[in-house]
Amino acid sequence: MGTQKKAIHDLAIWGNAPSFKEPLHVGRPNIGNRQHFLQLINDMLDRKWLTNDGPYVTAFEKKISEYTGAKHCIAMCNGTIALEIVIRALELKGEVIVPSFTFIATAHSLQWQEITPVFCDIDSRTHLIDVNKIEKMITPRTTGILGVHTWGRPCDITTLESLALKYKLKLIFDAAHAFGCSYNGKMIGNFGSAEVFSFHATKCFNTFEGGAVLTNNDALAEKIRLMKNFGFAGYDNVIYIGTNGKITEVCAAMGLTNLEGFEDIVAVNCNNYECYKAELRNIPGISLLPYNKNEKQNYQYIVLEIDETKAGLNRDDILKVLHSENVLARRYFYPGCHCMAPYNAYFPHAGLLLEETDRVAHRVLVMPTGTSIDDTQIKTICSIIRVAIDNSSFIKNKLMDIS
Ligand code: T4K
């Protein structure tokens, strides 16, 4: 662990040992009460019921429904399959409007079923789909809008609902980041036709791998439930094309364990956020994306934006300094889905309409947080950033020398 005070010549890019002996990762899993989890696993092994809607899966779904207030929770093996199944169950086709500033799984879940993701720009203040730019993306082939609650911050759901109503489009949400968050006081999981959580290991609430579809629509829930089990409506009776989207009992046991400690994890994330906020105050060119204290939040992403004109260093310069210190910050969601295969070949000029996406994707840096990091480490990380920016021209020259 490093000390809080740093000077320019202490930095690892000058050949010193990094501030942190062990790497500090973004997305380090939060792990709840180990004894409780191991007890659940022991019981499961005795019971010899490992998957296919076992008692842990059923209990887990019930608890997620209660927690969010949504009528139905269908737990799945991961968020990507959950998205694919919702899209299939709603019979989306043609084109669906989606932001490009998201994890590639959002776009792939459409393209995998030969539905064209039409990339809409984001609002650079919120990093969320820009509702004022959606109408011009609608064509006769558009069947839906797939909003993403990026960083756990809900989209402008009210406006999206009225656009969906006006143009008779289906509305769904990729809520991979938004478990435990609310919009106008109502928990995420209750909006659109359905919302999809990810419970991947890197999410603040994890089930190793996992995800869930939340919906208040009985018929849709029933269809999704069948589709995630090959379309079986009973022994020897298949009524839909389906797939295998089932979550295992081990994953559900992890979910039940982590759910018990979830509010503690959120409190740690919130404390980390406040610590970053205090330590980064007044560093030129660095801004921390704020959380809305009037809503429930999970505070799981610490998102910095680097303005090179004020910092003297760009995002990638700071990334290099941090990585040399063993702080493995990430450039999520660089460079944007539209710049990745196959979308860059399908829509080579998409960037012309994605000015804000490009700008944000070149400025964002996501920092380590969660239960694996403490205030002292955060202070050291922030002092590395401060020292680098205070000495930006030295650092620029040094980075040029070593590149
Ligand atoms: N929609 C959105 C908006 C999403 O962000 C995601 C997933 C999805 C949909 C799809 O949901 P899932 O199908 O995954 O349920 C990671 C996650 O794999 C991915 O789930 C997540 N978003 C995305 C934002 O981050 P990578 O490619 O960055 O993973 P990786 O292997 O580089 O790991 C990230 C960091 O976590 C590393 O610093 C190491 C650390 N880590 C990771 C794992 C797995 C650990 O410390 N321990 C671990 O066990 O995608």
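Counting convention: from 1, in listed order, for ligands and their atoms alike. Scope of the values below: all heavy atoms of this structure, side chains included, with no hydrogens, waters or symmetry mates.
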**Q** For ligand 1 and D174, I'd like to know whether there is a polar contact (N/O to N/O, distance under 3.5 Å).
**A** yes
**Q** Heavy-atom distance to atom 29 (O) of ligand 1: which of F103, Y332, F333 wins?
**A** Y332
**Q** Does F205 have any ring-ring contact (aromatic ring centres under 6.0 Å, His included) partners at least two apart in sequence or in another chain, and if so, which?
**A** F179, F199, F262
**Q** So, does E325 use its side chain to make a donor-acceptor pair with the main chain of A12 at under 3.5 Å?
**A** yes
**Q** Would H149 and Y301 satisfy ring pair (Phe, Tyr, Trp, His ring centres under 6.0 Å), going step by step from the backbone distance to the final call?
**A** CA-CA 12 Å; H149 302 315; Y301 288 103; over 10 Å; no
**Q** With side chain to side chain donor-acceptor pair (under 3.5 Å) as the rule and sequence neighbours excluded, what pairs involving residues 240-249 come up?
**A** N52-K246
**Q** With respect to atom 22 (N) of ligand 1, which of H200, K203, R330, H25 exhibits the smallest heavy-atom separation?
**A** K203
**Q** Could you find the nearest protein heavy atom to atom 41 (N) of ligand 1 and give me its residue, atom name and distance?
**A** G27 O, 3.6 Å
**Q** Which atoms of ligand 1 are found less than 4.0 Å from any heavy atom of S198?
**A** 11 (O), 12 (P), 15 (O)
**Q** Provide, to 0.1 Å, the distance between atom 47 (N) of ligand 1 and the closest protein heavy atom, together with that atom's residue and name.
**A** P29 CD, 3.3 Å
**Q** Could you list the atoms of ligand 1 found under 4.0 angstrom from a heavy atom of A105?
**A** 8 (C), 9 (C), 10 (C)
**Q** What protein heavy atom is closest to atom 46 (O) of ligand 1, reported as residue, atom name and distance in Å?
**A** R28 NH1, 2.6 Å
**Q** May I ask you to list the atoms of ligand 1 that are less than 4.0 angstrom from any heavy atom of T106?
**A** 1 (N)
**Q** Does a side chain donor of either N217 or T215 reach within less than 3.5 Å of an acceptor in the other side chain?
**A** no
**Q** Please report whether atom 31 (O) of ligand 1 has a protein non-hydrogen atom at a separation of less than 4.0 Å.
**A** no
**Q** Which heavy atom of the protein is the closest neighbour of atom 10 (C) of ligand 1, given with residue, atom name and distance?
**A** T80 OG1, 3.4 Å
**Q** Under 3.5 Å, N or O to N or O, is A176 touching ligand 1 that way?
**A** no
**Q** Does the Lys NZ or Arg CZ of R47 fall within the cation-pi geometry relative to Y56 - under 6.0 Å from the ring centre and within 45° of the axis?
**A** yes
**Q** Tell me which protein heavy atom sits closest to atom 43 (C) of ligand 1, plus the residue, atom name and distance to 0.1 Å.
**A** T202 CG2, 4.1 Å
**Q** Does a donor on one side chain and an acceptor on the other come within less than 3.5 Å for N190 and N216?
**A** yes
**Q** Please identify which atoms of ligand 1 are closer than 4.0 Å to at least one heavy atom of T102.
**A** 3 (C)
**Q** Aromatic contact between Y343 and F119, with the criterion being ring centroids under 6.0 Å apart: yes or no?
**A** yes
**Q** Which atoms of ligand 1 sit under 4.0 Å from any heavy atom of G210?
**A** 15 (O)
**Q** For atom CD of Q113, is the number of surrounding heavy atoms from other residues, nucleotides or ligands below 6.0 Å larger than 12?
**A** yes
**Q** Report the nearest protein non-hydrogen atom to atom 5 (O) of ligand 1: residue, atom name, distance rounded to 0.1 Å.
**A** H177 NE2, 2.8 Å
**Q** D358 and H338: side-chain donor and acceptor closer than 3.5 Å?
**A** yes
**Q** Find all atoms of ligand 1 within a distance of less than 4.0 Å from any non-hydrogen atom belonging to N78, and give their numbers and elements.
**A** 13 (O), 15 (O)
**Q** CD1/I283 to SG/C382 distance, rounded to the nearest 0.5 angstrom?
**A** 6.0 Å
**Q** So is there a nitrogen or oxygen of V26 less than 3.5 Å from a nitrogen or oxygen in ligand 1?
**A** yes
